[in-house]
Amino acid sequence: MSTTTATHPQTLTAKDFATDQEVRWCPGCGDYSILAQVQKVMPGIGVPKENIVFISGIGCSSRFPYYMNTYGMHSIHGRATAIASGLKAARPELSVWIVTGDGDSLSIGGNHTIHLLRRNFDVNVLLFNNQIYGLTKGQYSPTSEQQKVTKSTPYGSIDHPFNPLALAMGADATFIARSMDRDPKHLQEMLTRSHQHRGASFLEIYQNCNIFNDGAFEVFTDKSSKAEETVFLEQGKPLVFSNQQKGLRFDGLKPVVVNLADGYSADDLWIHDEQDFYKAQILIRMFDDARVEGHFPRPFGVFYETARACYEDALRLQIEETIAVKGKGNLDKLLRGNEVWEIA
Amino acid sequence: MNRTEAVLQDVVIKFAGDSGDGMQLTGQQFTNNTALMGIDLATFPDFPAEIRAPQGTLPGVSGFQLHFSSDRIYTPGDLCDVLVAMNAAALKVNLKALKHGGKIIANVEGFDTKNLRLANYAEGVNPLEDGSLEGYELIKVDVTKLTREALKEFPELGMKEKDRAKNMFVLGFLYWMYNRSLENTISFLNEKFGKKEVILNSNIKVLQAGYNYGDTTETFTTRYRVEKAKLPAGRYRNIMGNQSLALGLIAAADKSGLPLFLGTYPITPASDILHELSKHKSFNIRTFQAEDEIAGITSAIGASYGGSLGVTTTSGPGMALKAEAMGLAVMLEIPLVIVNVQRGGPSTGLPTKTEQSDLLQAYYGRNGECPMPVISASTPSDCFAAAYEAVRIAVQHMTPVILLSDGYIANGAEPWKFPVAEDLDPIAVSFKTQLGFDEHKFMPYLRDEKLVRPWAVPGTPGLEHRIGGIEKQNITGNVSYDPENHQLMVKIRQEKVDKVADYIPDQQLDSGPAKGKVLVLGWGSTYGAIKSAVLELQAHGHAVSHAHLRYLRPFPKNLGDILRNFEHILIPELNNGQLIKIIRDQFLVDAKGYHKIMGVPITKTELVEVIKKLV
């Protein structure tokens, strides 16, 4: 999302966005990195500190607002998106950030998430996805892989997991991106892009829960496998990975992995276009299990971005237009109504 | 021919027909017409939950009861003088509520074999023909035939479309019978169908045909007149409860200088508040039809957090869904108005019928120690004042407030001596805009003498702070799990709500002596029935008093003293005994209850009998 630029630019640093509250995530939690990147990005987005609001629901990630020296609300489970909707509708000039987890935004708060996206409020959704319920001590989440053994699924989970970005696409989100806790630079870039997008930004952040789901995203983050298992999306650039040795191209409508050594050049490859609605759907569906032979690398970056009117603007416009035509409401006229009689 | 005119004091008409027959519209038109004559009135719409229940059946009957009088009246009346029955089912359902000797205006076509069968009359039985209605004045009118006849010159209309206008025939006929002008209905039709000329003209034609039918048919020799009521001097309009509640919110927003934000989800019988508010964008009102009840309240919390007047409206099932968010608002200590237009419960219950069974839910229905002020509206026009007061308490005491209305007053109408904007008490609101000279850091839970914390909204430099649903440390608002602190905060939140009692008026008696044998104590929509019953008993020399509560939590400080002045306390309620539990609990008085849980209001007659047993 993008918001008003400061009239009096503050020269703030990441430290100015830290609070005096002791950070209480488990040592080694991926949330620390995300917090650090958000604090680093904030001074550069051009919004006065007092105009920034962080709203969260419930879960480990939702402690986030306590650690941001901005306005903030740690609300109730699943409802951060709905609270943010009301705040943004009432105060469009604020920069509103929603911090939520996979349980918070896709399970108990799934309904509000999809409606926020279709309405396209100009807010940023940061979905910390750790594929587990951490705060309740280790039950499977709506993004946990099937057959996952957890406290609540001793025989393995039988639930089919959500593909969060596909859900966002299905709800007609206007900005869809993915990043990870262990790639600070990329995460900072994605946070900045989320802020710059005018409309609802949906940023999924892979976040490691080292207590209840350690290593869930290791294949994407670990040096030994990252090159092979991830593909980083850059606007106008071919989709290459595996240290420039492999690429993705289209065979008809089907994406295929090719070896550049086999004679394919960059010109043969899929060129990433964030504005391409149809290619974005295919990219988002490259979501298969990294353990399955022949799987695709997992994409990171901005999958899709489009411009659509924001709810709060349309809401304000209707009011302004009505006032332009009818004039400001007159309370006496309203109380009197159309049909009055007098008793002497 | 010779026509006589009779002056009546008091008339109750029930318009009843199939739910597709347009009886609600007919009733409302007759009501507006009555209001414009300066006659006192009260209405009671009674319709099925289904939009179009199976045609012609008993459950499909839709009714609209109108009581009008040259005297002051407070209820839609117990029994009817006139019953308009558009079909056999309408007669069957409503006959028991018709006075002996009352008039039945029956649409003959609605009593054909099919309609009789659908209304479960025995084979071959037609009440219009078998003499069973001998004790009544039966007026048979072939409304359908006469309507079609009137529309002969409208070949472009199909039979179905023609038949749709038959309620206008009945309305026109009643306008003739009660000496009324057609003017207001014609201008209503103009507004409604202005652009569809054929529909407009056909409706007006049928309306006039109904009127002329009365005028030219020699069978009707008497016309009736009800004189203006002796209401206090002033300017009046007709108003329904939900509409008046919406106006109260708009007026309070205007007088407090706060932009109004309504977050809500459609639910019967509260949706009309959304409909009304969404019309008035020129008052800078934002209405948000949320994805569910929870988003309704939480979006309103978000708006309040941003400095708007956050409001959410609902009915019982929605209240249940909003409970957790109400707890959040109690913890955040921000202003919020939660309107519950009660209906029959539990679960889906009786969606279109009235009940007062959510009082205990409003009082206690949340997790944890979660006190909130609760106030109630007692008549359609009183919804205005109640909404205004709910806003005042919410913003001046930084607390969510529950406002209880119900289906009966929400859809009922009465004349309203509307206020002038200038005369409405201003609602002072103060935002914290900067740190005080002796403050180094903003303390979001530092309180004033009312125990109210400051309202500091995003966008205010230097007051950045975090709040949330986790228990907070006194003064700083930081997260705290400290045992002593939790006990302290629970007590503070309770005391803060208790202190509202210092800022509300004392309880007054509505009528009757200040001391004596019987006090009838009511709340909400039972007002009209209790008032009428008590006034009648007083007129017969009985010492009965009536007090009606607006403030349910906290109670006015003198309520205990009032209760102790009476030998018997009777609490009539449309529930299984809820206020009575709270009164017994707080005042240790041996109150007696009268509980009606039938989805319909208490009548004056039944209440008179109940009170008589105590005097």
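In what follows, chains are A, B, ... by sequence order, proteins preceding strands, each numbered from 1.
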Interchain contact, [X] with chain A, by part (heavy-atom threshold 4.5 Å):
X        : answer
B/Ala35  : both
B/Pro458 : both
B/Ile239 : neither
B/Pro232 : backbone
B/Ala295 : both

Rounded to the nearest 0.5 Å, what separates atom [atom1] in [X] from atom [atom2] in [Y]?
X        : Y        : atom1 : atom2 : answer
B/Phe283 : A/Leu334 : CZ    : CG    : 4.5 Å
B/Ile470 : A/Ile58  : CD1   : CD1   : 6.0 Å
A/Leu331 : B/Ile250 : CG    : CD1   : 8.0 Å

**Asked** Quick one: what part of A/Ala344 sits under 4.5 Å from any heavy atom of chain B, side chain, backbone, both or neither?
**Response**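 It is the backbone, since no side chain atom gets that close.
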**Request:** Sort A/Val53 into side chain, backbone, both or neither according to what part of it lies under 4.5 angstrom from a heavy atom of chain B.
**Result:**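 Side chain only.
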When [options] are compared by non-hydrogen pairs under 4.5 Å with chain A, the top option:
options                                : answer
B/Val457, B/Ile301, B/Leu332, B/Ile285 : B/Val457
B/Val479, B/Val420, B/Ile467           : B/Ile467
B/Ala290, B/Gly306, B/Gly459           : B/Gly459

**Prompt:** Is there a side-chain contact between A/Ile76 and B/Ile294, using heavy atoms and a 4.5 Å cut-off?
**Reply:**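 No, their side chains stay 4.5 Å or more apart.
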With 3.5 Å as the limit, can you list every donor-acceptor pair between chain A and chain B, backbone and side chains included?
{"from": "A/Gln21", "atom 1": "NE2", "to": "B/Asn478", "atom 2": "OD1", "distance (Å)": "3.3"}
{"from": "A/Glu50", "atom 1": "N", "to": "B/Glu464", "atom 2": "OE2", "distance (Å)": "3.4"}
{"from": "A/Glu50", "atom 1": "O", "to": "B/Gly459", "atom 2": "N", "distance (Å)": "2.7"}
{"from": "A/Arg63", "atom 1": "NH2", "to": "B/Tyr481", "atom 2": "OH", "distance (Å)": "2.7"}
{"from": "A/Met68", "atom 1": "O", "to": "B/Arg466", "atom 2": "NE", "distance (Å)": "3.4"}
{"from": "A/Met68", "atom 1": "O", "to": "B/Arg466", "atom 2": "NH1", "distance (Å)": "3.4"}
{"from": "A/Asn69", "atom 1": "OD1", "to": "B/Arg466", "atom 2": "NH1", "distance (Å)": "3.3"}
{"from": "A/Thr70", "atom 1": "O", "to": "B/Arg466", "atom 2": "NH1", "distance (Å)": "2.7"}
{"from": "A/Tyr71", "atom 1": "OH", "to": "B/Val457", "atom 2": "O", "distance (Å)": "3.4"}
{"from": "A/Tyr71", "atom 1": "OH", "to": "B/Thr460", "atom 2": "O", "distance (Å)": "2.7"}
{"from": "A/Tyr71", "atom 1": "OH", "to": "B/Leu463", "atom 2": "O", "distance (Å)": "3.4"}
{"from": "A/Gly72", "atom 1": "N", "to": "B/Tyr305", "atom 2": "OH", "distance (Å)": "3.2"}
{"from": "A/Gly72", "atom 1": "N", "to": "B/His465", "atom 2": "O", "distance (Å)": "3.1"}
{"from": "A/Gly72", "atom 1": "O", "to": "B/Tyr305", "atom 2": "OH", "distance (Å)": "3.3"}
{"from": "A/Gly72", "atom 1": "O", "to": "B/Ile467", "atom 2": "N", "distance (Å)": "3.1"}
{"from": "A/His74", "atom 1": "N", "to": "B/Ile467", "atom 2": "O", "distance (Å)": "2.9"}
{"from": "A/His74", "atom 1": "O", "to": "B/Gly469", "atom 2": "N", "distance (Å)": "3.0"}
{"from": "A/Ala89", "atom 1": "O", "to": "B/Arg286", "atom 2": "NE", "distance (Å)": "2.8"}
{"from": "A/Arg91", "atom 1": "NH1", "to": "B/Gly306", "atom 2": "O", "distance (Å)": "2.9"}
{"from": "A/Arg91", "atom 1": "NH1", "to": "B/Pro458", "atom 2": "O", "distance (Å)": "3.0"}
{"from": "A/Arg91", "atom 1": "NH2", "to": "B/Pro458", "atom 2": "O", "distance (Å)": "2.8"}
{"from": "A/Asn111", "atom 1": "ND2", "to": "B/Asp292", "atom 2": "OD2", "distance (Å)": "3.0"}
{"from": "A/His112", "atom 1": "ND1", "to": "B/Glu291", "atom 2": "OE2", "distance (Å)": "2.9"}
{"from": "A/Arg119", "atom 1": "NH1", "to": "B/Glu291", "atom 2": "OE1", "distance (Å)": "2.7"}
{"from": "A/Arg119", "atom 1": "NH2", "to": "B/Gln289", "atom 2": "O", "distance (Å)": "3.3"}
{"from": "A/Arg119", "atom 1": "NH2", "to": "B/Glu291", "atom 2": "OE1", "distance (Å)": "3.2"}
{"from": "A/Gly329", "atom 1": "N", "to": "B/Ser282", "atom 2": "O", "distance (Å)": "2.8"}
{"from": "A/Asp332", "atom 1": "OD1", "to": "B/Ala421", "atom 2": "N", "distance (Å)": "2.8"}
{"from": "A/Leu334", "atom 1": "O", "to": "B/Arg237", "atom 2": "NH1", "distance (Å)": "3.2"}
{"from": "A/Leu335", "atom 1": "O", "to": "B/Arg237", "atom 2": "NH1", "distance (Å)": "2.9"}
{"from": "A/Trp341", "atom 1": "N", "to": "B/Tyr236", "atom 2": "O", "distance (Å)": "2.9"}
{"from": "A/Trp341", "atom 1": "O", "to": "B/Tyr236", "atom 2": "N", "distance (Å)": "2.8"}
{"from": "A/Ile343", "atom 1": "N", "to": "B/Gly234", "atom 2": "O", "distance (Å)": "2.8"}
{"from": "A/Ile343", "atom 1": "O", "to": "B/Gly234", "atom 2": "N", "distance (Å)": "2.8"}

**Asked** Do B/Phe288 and A/Leu315 pass the side chain to side chain contact (heavy atoms under 4.5 Å, CB included) test, and can you show the C-alpha distance, the side-chain angles, and the key distance before you say yes or no?
**Response** CA-CA 9 Å; B/Phe288 181 60; A/Leu315 185 64; over 6 Å; no
**Asked** Under the side-chain contact (heavy atoms from CB on, under 4.5 Å) test, which residues partner A/Ala168, sequence neighbours left out?
**Response**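 Partners of A/Ala168 under the side-chain contact (heavy atoms from CB on, under 4.5 Å) test: A/Leu117, A/Ala173, A/Ile176, A/Phe202.
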Most chain B-contacting option - heavy-atom pairs closer than 4.5 Å, from [options]:
options                               : result
A/Ala80, A/Ala324, A/Gly329, A/Gly327 : A/Gly329
A/Gly109, A/Gly78, A/Gly337           : A/Gly337
A/Leu87, A/Val325, A/Ile52, A/Ile343  : A/Ile343

**Prompt:** Which atoms form the tightest heavy-atom contact between A/Ala89 and B/Phe261, and what is the distance?
**Reply:**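 Nearest heavy atoms, A/Ala89 then B/Phe261: CB-CE1, 3.8 Å.
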